[in-house]
Amino acid sequence: MSAPLAAARYAGARTPRVEDPRLLTGHGTFVDDVVRPGMVHAHFVRSPLARARVLGVDAAEALALPGVHAVFTADDLNPGVHEPWYSLMGPGVPDTPRPPLADGEVRFVGDPVALVVADDRYIAEDAAELVVVDYEPLRPVVDYKAAHESAERVHPAYPGNLAGELAGRPADDLADVFARAAHVARETFYQQSYAAVPMETRGLIAEWSPSSGEMTIWASTQTPHETRLFCSRLLGLDEHRIRVVMRDTGGGFGQKAVPQREDMCVMLAARKVPGPLKWIEDRQENLIAAGQGRHEHGDARIAFDEDGRILAAAIDHVQDAGAYPTPWPVQTTAVVGLLFPGPYRVPEGTFSCRSVFSNTTGRTAYRGPWQFESVAREMLLDIAAREMGVDPAELRRRNLLRRDELPLTNPNGMPYTEVTPLETFEHALEILDYEAFRKEQARARAEGRYLGVGTCTYIEPTTSGVGVHATEGATIRIEPSGKVNVYVAGGSSGNSIETTVVQLAADALGVDIADVNTVQGDTAVTPFGGGTGGSRSGSMTAGAIAETASVLRERITAIAAHRLEASVGDIELAAGRARVRGTRGAELSYAKIASIAYFQTEDLPPGVPPGLEASGRYRARSMAIWANATHVCTCEVDVVTGEVKLLRYIVAEDCGPMINPNVVEGQIAGGTVQGIGGALYEHFAYDEDGNPLTTTFMDYLLPTTTEVPTIEYGHLESPGPGAGGYKGVGEGGAIGSPPAVANAVADALAPLGVKITRLPLSPASIVESLDAAARAARS
C-alpha cells in the first residue's frame, strides 16, 4: 500500500498553461518549422472539375523544369497501397473508396490527380501548372439531397450513391403514439456545410531511410500513434520501422484525426524520392479539399400529451458524405439518431440515418460530428412551444431529466448516467435572469426592437471505451535529480493537454508543478494512445497517470520506510518529500530517494527494483462517460438589414470536477465560437456544377472578436464513473451553440411570423424569411 498524499494542490486550480510561453512568443514547432537535410517539396495537381474521366496526364514539360524531381500519377503511387484501413473502425467495416490519387475519374473540385516533387515549394507549384491533364467532363452529383435518386453514380460500386444506412425500430411501431398525441411538432431542418478551418493547415514530412528500411514522419495530426499504425498498414511495414513525431499542432477539430489521401500520397512517394518529402497545404487547398462537416438535414418529429410532456421522438436523418469521406461516415449519422432524444424524458423513439455520396469534398470528423441531433431537437422544441402557446423554457422544464431519475436508458438504447440536465438548465437561466430578460424583450418590442433568447440543452458521450480509444498509457520517470518526466501519447493541438498532464502528475506524486515536465507526441518514446478526439484526452490521461503514479508512490514509500526505519503506513508524501508522520526531521527528498534507487541499489529494500520509472495503462470503465450543458444566447435582430447582434452568451456545463477551469473554459469558448460561426457566418458553398464558391477568407466568413460576446460560465460538478470523476469537455461548445443562436433569432422574429428551419442565418436569409412571412400574412 502506498503512502497517502496531501490534498491536491493543483487539480481544480487555474494554473497557467505550460504551453503558453513558447506559443505566445512564436517559439512553437509546427511541421512547417521542421527542416531536414536534402529535403524536397511536394505540391498536388488538383482537378478543376467536379467529375470527369482522366484520359491522360502529360508531365513532360513539368519534368523538364529545372529543380523538378518527379511527377507521380495514380499509376505510380496507387499500386503501392498495402492496406488502407483505420484502427478506429477496423478492417471489417464496409468502408468507402480511398485511392491516394484520382484513378480514372476525378470526383470533386480539388481531387488530387498528380503529385509534383521539386527542390522547393515554388518550383513545385510552377511545375504543377505545366502538368497537362486530359479530362472528359461528366455530369456531377452536387446536391446530396437528390443523390439517392440520381442516375449518375459518384462511385460505380455504390448504387443510389448510398454510402450506408442504419435504422432503429420500425417507424410504424410509433404510429399510434403520434396519431393519439395531443400535439405533434414536425419539421425538416437543414444545416449547411462548413469546415474545421484550423489555424494550421494540414502538413506532413516523410523521411525514408533505405539503408535501415525505416520511415520517420513529422505530422500535423491529432493522433500520432494512429498515424503510425495507418502508415504501417499502408506500406506493409512493421510498426517499429515507423516513427511519427507531432510537436505543436495549430488546431485539428477532427479534420486531423486520421490521415487523409494526401497524407497517403506523401507516405507512398517518400520511398521514391531522393530526400525527405515535405507537403504543406495552403489555405485554398484546405478550404476546397481538407473536408467538410455538418452538411445534412433531418425530418424531426416529437409527440406531446395535453400537458406538454413528450410521448415520442423520431428523426430521419440524411448526411452528405462527399466523394471521399474519412473515415466511415455511417457511424456519425447513426449517433445522430441514437442521441436524438437528448437529455429529455422520452418514453418512445426511433430513427433512420443515411449517408450519401456527392461530387464535393469528403466529409470528415468535426467537433461533435453528431451535433445535428441537438440542432434538430432543440429548434423543434422551440417551434413546438410556440405552437402550443407555452414558453420554451417551461416546455423544457416539464421534460428534462433530473439526477434522481438516473441511470436511465433512452428509447434508442443509450444508457445515461451521472448527468445534470435540469440542473444546468436552471443554472444557466438563473445567470441570465430569464424573467427579467422577458420583461426587457417586451419593452423593446414596444419600441420596435426585436430581442430574442434561445437555449440548447444537450447530453454528449465523452471518453469512449471502444476500440482504439478504450485505453491510454503513461510512463513516469523520476530522474536522479528528483525532477519528473511524464510520457504520454498526447500532443499539443490546442487542448492544453500538456498543462493537464503536468497538473495531474504533480498531484499524483505530491511534487511541485515546476518540477514536472511532459514529453508527448513522439511514437518512439511515448506509450500507445488514441490521441485527441471524442473529448477523451484529459479524462483518459488522468486514468493513465493515476495508474502509473500509484506504482511509483509504492516504490518511494517502500524506500523511504526502509531508510527511515519506519513502517510503510507511517509515511506520507507531499512537496517532493517522504515524511514519517509525527516525527520532525524524519524525511527524505525525492532526489535522495532517486539517488538510492539509481546509484545505491544495495540499499534498496527487498523486492524493490532499482530506478524510479514505471509504466501503466488505464482502461475506460464504460462505453462512454456522459457530460452535459445548457447554452443560453440573447440577441437583437435588425429587421431591415437582417443583421444579428449577439448580446449575452451563457454556458452552464457539467464536465465533472475540473482539472483546470482555465482549460475547461477555453475549450468551451473555442467550440462555442465555432458554433456561432456555423449558425451565422460560415458556409462552404458550391454552384450547380460543383464549383466551390468559398475558397478564400474573403468568401468564407469566420466570426471575429467583434461579433462574439463575452462568454459567461456556470459550473456544476457531478463526478463521472472514470478516474477522478472527470468527464470530457472538448466538443460540447460546438454542439450547443448553433441551436442556441438559431433559437434566439427565431424568438426575436416570432412576432413577425418567421419560422427558422435552415442554417446559416445570414442577413440575406433573414430578410428573405421576413419578406416571406410578410407575404404569407397578406395572403
Side-chain angles (χ1 to χ4, degrees), residues 19 23 28-33 86-88 194-205 217-230 244-263 279-281 283 285-287 289-294 325-327 332 361-369 371 462 464 468-469 488-500 520-523 529-538 540-541 663 666-675 677-678 682 702 728-735:
E19 302 97 323
L23 295 176
T29 302
F30 300 88
V31 173
D32 205 22
D33 295 315
Y86 299 101
S87 302
L88 183 67
Y194 57 103
V197 198
M199 291 177 66
E200 179 195 22
T201 58
R202 296 178 296 163
L204 197 74
I205 299 172
I217 295 171
W218 290 262
S220 179
T221 178
Q222 298 169 230
T223 55
H225 286 272
E226 171 61 18
T227 300
R228 183 189 66 158
L229 286 171
F230 184 85
V244 175
V245 181
M246 72 168 289
R247 295 300 185 220
D248 294 306
T249 297
F253 315 121
Q255 189 178 88
K256 300 174 184 176
V258 290
Q260 296 192 47
R261 292 168 62 219
E262 290 90 344
D263 304 291
W279 168 64
I280 300 294
E281 181 182 57
R283 182 57 65 185
E285 288 180 293
N286 181 264
L287 284 170
Q292 62 169 312
R294 307 301 200 226
T326 306
T332 55
T361 185
R363 188 181 189 94
T364 58
Y366 179 35
R367 212 165 189 175
Q371 164 259 22
T462 74
S464 168
V468 70
H469 285 168
V488 295
S492 177
S493 57
N495 58 344
S496 299
I497 191 63
E498 293 177 63
T499 300
T500 299
Q520 304 184 9
D522 187 339
T523 62
T532 299
S535 300
R536 67 180 297 276
S537 298
M540 288 297 291
T541 302
V663 171
Q667 289 289 286
I668 294 170
T672 297
V673 172
Q674 285 182 304
E682 300 181 47
L702 292 167
V729 74
E731 294 163 287
I735 294 170

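Side-chain atoms are counted along with the backbone in the values below, which use heavy atoms only and exclude waters and symmetry mates.
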Which value, rounded to the nearest 0.5 Å, describes the distance between [X] atom [atom1] and [Y] atom [atom2]?
{"X": "Met199", "Y": "Arg283", "atom1": "CE", "atom2": "CZ", "result": "9.0 Å"}
{"X": "Thr500", "Y": "Asn495", "atom1": "OG1", "atom2": "CG", "result": "7.5 Å"}
{"X": "Leu88", "Y": "His469", "atom1": "CG", "atom2": "NE2", "result": "5.5 Å"}
{"X": "Met246", "Y": "Thr523", "atom1": "CE", "atom2": "OG1", "result": "11.5 Å"}
{"X": "Thr227", "Y": "Trp218", "atom1": "OG1", "atom2": "CH2", "result": "14.5 Å"}

Side-chain contact, heavy-atom cut-off 4.5 Å: [X] with [Y]?
{"X": "Thr462", "Y": "Val729", "value": "no"}
{"X": "Arg247", "Y": "Asp33", "value": "no"}
{"X": "Asp263", "Y": "Trp279", "value": "yes"}
{"X": "Thr249", "Y": "Thr221", "value": "no"}

- request: Please state whether the rings of Tyr86 and Phe230 are parallel, tilted or perpendicular, taking 30° and 60° as the class boundaries.
  value: parallel
Show the nearest heavy-atom pair for residues [X] and [Y], with the distance to one decimal.
{"X": "Gly252", "Y": "Ala196", "answer": "O-CB, 4.1 Å"}
{"X": "Ser492", "Y": "Glu19", "answer": "OG-CG, 4.2 Å"}
{"X": "Pro198", "Y": "Gly250", "answer": "CB-O, 3.6 Å"}
{"X": "Pro369", "Y": "Thr332", "answer": "CB-CG2, 3.6 Å"}
{"X": "Ala195", "Y": "Gly291", "answer": "CB-O, 3.9 Å"}
{"X": "Glu682", "Y": "Val197", "answer": "OE1-CG2, 4.4 Å"}

- prompt: Distance only, no hydrogens: is a donor on one side chain within 3.5 Å (strictly under) of an acceptor on the other, for Ser220 and Glu200?
  reply: yes
Under the salt bridge (Lys or Arg N to Asp or Glu O under 4.0 Å) test, residues paired with [X] that sit two or more places apart:
{"X": "Arg261", "result": "Asp111"}
{"X": "Glu226", "result": "Arg233"}
{"X": "Asp32", "result": "Lys278"}
{"X": "Glu262", "result": "Arg46, Arg202"}

task: Could you pull out all residues at least two apart from Pro325 that satisfy side-chain contact (heavy atoms from CB on, under 4.5 Å)?
output: Thr96, Ala321, Pro329, Phe357, Arg363
statement: Gln222 meets the side-chain contact (heavy atoms from CB on, under 4.5 Å) criterion, sequence neighbours left out, with Lys256, Ala257, Thr532
Using only atom types and a distance under 3.5 Å, with no angle test, would you say the side chain of [X] pairs donor to acceptor with the backbone of [Y]?
{"X": "Arg536", "Y": "Gly531", "value": "yes"}
{"X": "Ser535", "Y": "Gly728", "value": "no"}
{"X": "Asp248", "Y": "Thr29", "value": "yes"}

query: Checking side chain to side chain contact (heavy atoms under 4.5 Å, CB included) for the pair Thr201/Ile280: CA distance, chi angles, key distance, verdict?
result: CA-CA 7 Å; Thr201 58; Ile280 300 294; 4.3 Å; yes
